[in-house]
Protein chains: 2
Amino acid sequence: MALPDTRTKILDAAERLFAEHGYRGTSVRAITDLAGANLAAVGYHFGSKAELLAAVARRVTEPIIAAQSAGLDELLARTPDPSVAELVEAFAGPLFDGMPAGDESGARTSRLIVTILSDPAEEARSWTGPDEDTVGERYLAAFARALPGLAPQELLFRMRGILAVTAVDRVEVYNRPSAACPTATEGEEARRWAITFLTAAMSAPPTRAWR
Amino acid sequence: MALPDTRTKILDAAERLFAEHGYRGTSVRAITDLAGANLAAVGYHFGSKAELLAAVARRVTEPIIAAQSAGLDELLARTPDPSVAELVEAFAGPLFDGMPAGDESGARTSRLIVTILSDPAEEARSWTGPDEDTVGERYLAAFARALPGLAPQELLFRMRGILAVTAVDRVEVYNRPSAACPTATEGEEARRWAITFLTAAMSAPPTRAWR
DNA sequence: AGCTGAGTTAAACGTTCGTTTGAATCGAAC
DNA sequence: GTTCGATTCAAACGAACGTTTAACTCAGCT
């Protein structure tokens with residue numbers, strides 16, 4: 001087996017530590033120690049700690065938004081008007097993938113996303129791949145067709161709710177004190193619970209106008 | 001008007017800065033500078049930065065859980081078996097209160113709660129008032145009666161979903177680039193959207209057992 | 001006037017941080 | 001064998017951090 005080079009060793013260590021302790025709670029020294037690399041390797045390979053975070057974030061989010069995009073493509077190839085349940089599954093499902101079995105990397109990447117998205121450090125919000133916006137807008141349009149009569153702002157609110165439920169659940173799974181490693185069935189159960197929870201929520205009739 | 005003493009001036013400044021930049025992103029010097037107090041005042045009045053965070057968290061969360069508890073009391077005094085919609089309103093409503101009008105303090109406290117709850121720093125999770133557990137368990141029991149046939153674990157998942165939706169929505173409202181101050185109608189709209197979204201989600205039929 | 005104790009102050013403590021430096025090391029090309 | 005670019009290394013840089021110290025202020029009391 002080819003041993004990984006320093007660059008990916010640093011990426012792996014940073015992914016783990018950023019997920020556990022956040023951006024500000026992780027020192028470059030802790031990353032290079034865990035990676036078995038020299039302190040200056042971060043500066044050499046990535047330029048700065050903030051650019052290292054951007055590289056970690058891109059590596060983690062790329063397969064997820066790719067799966068979301070592919071899922072929507074499949075759906076639209078089968079029918080021009082997918083149901084709310086199908087859209088929820090295609091959108092929220094990839095956020096749960098990579099999780100199951102003893103492998104803890106799935107839970108870690110989920111937690112990493114949440115940690116990055118909720119990190120108050122401005123460095124944690126500046127990486128912005130261009131693709132996740134377009135896939136979000138495509139789903140927005142599909143949901144708008146599946147939910148006629150729903151005001152655009154309320155639809156936006158509900159789509160944020162999807163991200164909220166999936167993200168916070170993953171954090172909770174990761175944080176639970178006992179049984180640190182969720183079993184495969186637990187991960188699959190959470191996925192199914194989230195789908196039913198969110199499908200019902202998205203399918204709710206529009207809120208009547210105020211007053 | 002009585003000018004506030006140093007202790008509350010520090011509490012106010014810390015609440016604002018913790019909400020904006022998180023625990024690790026806020027220095028004691030920044031707090032005392034904003035409060036117009038001396039650097040050593042934090043150590044004198046609170047002991048340490050971590051204990052200051054605990055004091056801020058308690059001051060913010062106490063009225064919210066008090067309102068949640070009072071709302072449940074009112075509900076149970078009226079009927080022994082409240083509906084899911086009533087329970088959602090009583091539980092999630094106080095998380096939206098204090099928000100409206102040009103006053104930005106409501107949005108700030110909401111963001112503070114989210115920032116603290118999601119902060120990876122261990123100091124941010126150690127304050128734990130004893131009351132919020134009991135009120136959570138009381139709502140759990142009430143929801144269990146209103147939703148017979150729902151497995152306890154799935155019910156727990158759904159209650160976490162309530163917190164997730166309300167919390168993340170508030171962050172998004174606070175973070176929006178344009179129109180930094182949400183108007184009263186926007187705050188009230190978000191509250192009503194959340195109630196319908198969450199009522200539908202909580203009322204979903206139980207997920208069928210896996211396989 | 002003199003003492004007391006809570007509160008404030010400037011200054012410094014030791015530590016950790018992200019980053020930079022310049023030399024050492026290595027395999028491949030010539 | 002020598003040169004070269006890429007990589008790794010130990011060491012140090014200055015800045016910022018949380019905390020502590022000891023002197024100082026000042027109202028309230030005897």
Side-chain angles (χ1 to χ4, degrees), chain A residues 1-59 112 115-116 119-127, chain B residues 2-58 112 115-116 119-127:
Chain A
M1 56 175 288
L3 66 162
D5 60 351
T6 304
R7 203 187 125 91
T8 64
K9 281 196 298 183
I10 289 177
L11 276 175
D12 292 339
E15 178 177 320
R16 176 177 190 158
L17 293 177
F18 283 151
E20 287 178 3
H21 308 114
Y23 177 74
R24 296 207 126 108
T26 302
S27 69
V28 178
R29 284 168 176 83
I31 295 172
T32 52
D33 284 355
L34 180 62
N38 187 270
L39 172 61
V42 166
Y44 177 78
H45 285 283
F46 300 94
S48 68
K49 183 188 177 185
E51 292 173 272
L52 169 59
L53 172 69
V56 169
R58 275 193 297 269
R59 193 178 68 155
L112 175 68
T115 304
I116 290 177
D119 201 302
E122 59 282 5
E123 297 96 323
R125 266 191 280 271
S126 57
W127 46 278
Chain B
L3 65 163
D5 60 349
T6 304
R7 202 187 126 92
T8 63
K9 280 197 297 183
I10 289 177
L11 277 174
D12 292 339
E15 178 178 321
R16 176 180 193 154
L17 293 177
F18 283 152
E20 287 178 3
H21 307 115
Y23 177 74
R24 295 208 128 106
T26 302
S27 70
V28 178
R29 283 169 176 83
I31 295 172
T32 52
D33 283 356
L34 180 61
N38 186 270
L39 172 61
V42 166
Y44 177 78
H45 286 285
F46 299 95
S48 68
K49 182 187 177 184
E51 292 173 273
L52 169 60
L53 172 69
V56 169
R58 275 193 298 267
L112 175 69
T115 305
I116 290 177
D119 201 301
E122 61 282 4
E123 296 96 323
R125 266 190 280 271
S126 55
W127 46 277

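The structure presented is a predicted model; accordingly, all values stated were derived computationally and were not measured. Below, read A as the first sequence line, B as the second, and so on, with proteins coming before strands; counting in each chain starts at 1.
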What distance separates [X] [atom1] from [Y] [atom2], expressed to the nearest 0.5 Å?
X	Y	atom1	atom2	value
A:Leu53	A:Arg58	CG	CZ	9.5 Å
A:Asp12	A:Arg59	CG	CZ	4.5 Å
B:Ile10	B:Leu17	CD1	CG	12.0 Å

For B:Ser27, side chain to side chain donor-acceptor pair (under 3.5 Å) partners two or more places apart: none
Side chain to side chain donor-acceptor pair (under 3.5 Å) against A:Arg7, all qualifying residues, sequence neighbours excluded: none
Counting only pairs under 3.5 Å, give me each side-chain donor-acceptor contact of residues 29-45 of chain B, with atom names and distances, residues two or more places apart or in other chains.
{"unit_1": "B:Thr32", "atom_1": "OG1", "unit_2": "B:Val28", "atom_2": "O", "d": "3.1"}
{"unit_1": "B:Thr32", "atom_1": "OG1", "unit_2": "B:Arg29", "atom_2": "O", "d": "3.1"}
{"unit_1": "B:Asn38", "atom_1": "OD1", "unit_2": "B:Ala40", "atom_2": "N", "d": "2.9"}

How would you give the extent of chain B contacts on DNA chain C, as first and last nucleotide 5' to 3' within a 4.0 Å heavy-atom cut-off? C:dA6 to C:dA12
Starting from the C-alpha separation in whole Å, work towards a yes-or-no answer on side-chain contact (heavy atoms from CB on, under 4.5 Å) for B:Tyr23 and B:Lys49. CA-CA 9 Å; B:Tyr23 177 74; B:Lys49 182 187 177 184; 3.7 Å; yes
Generate the contact string for nucleotides 6-19 of chain D. Rules: B means base contact, S means sugar-phosphate contact only, - means no protein heavy atom under 4.0 Å. SBBBBBB----BBB
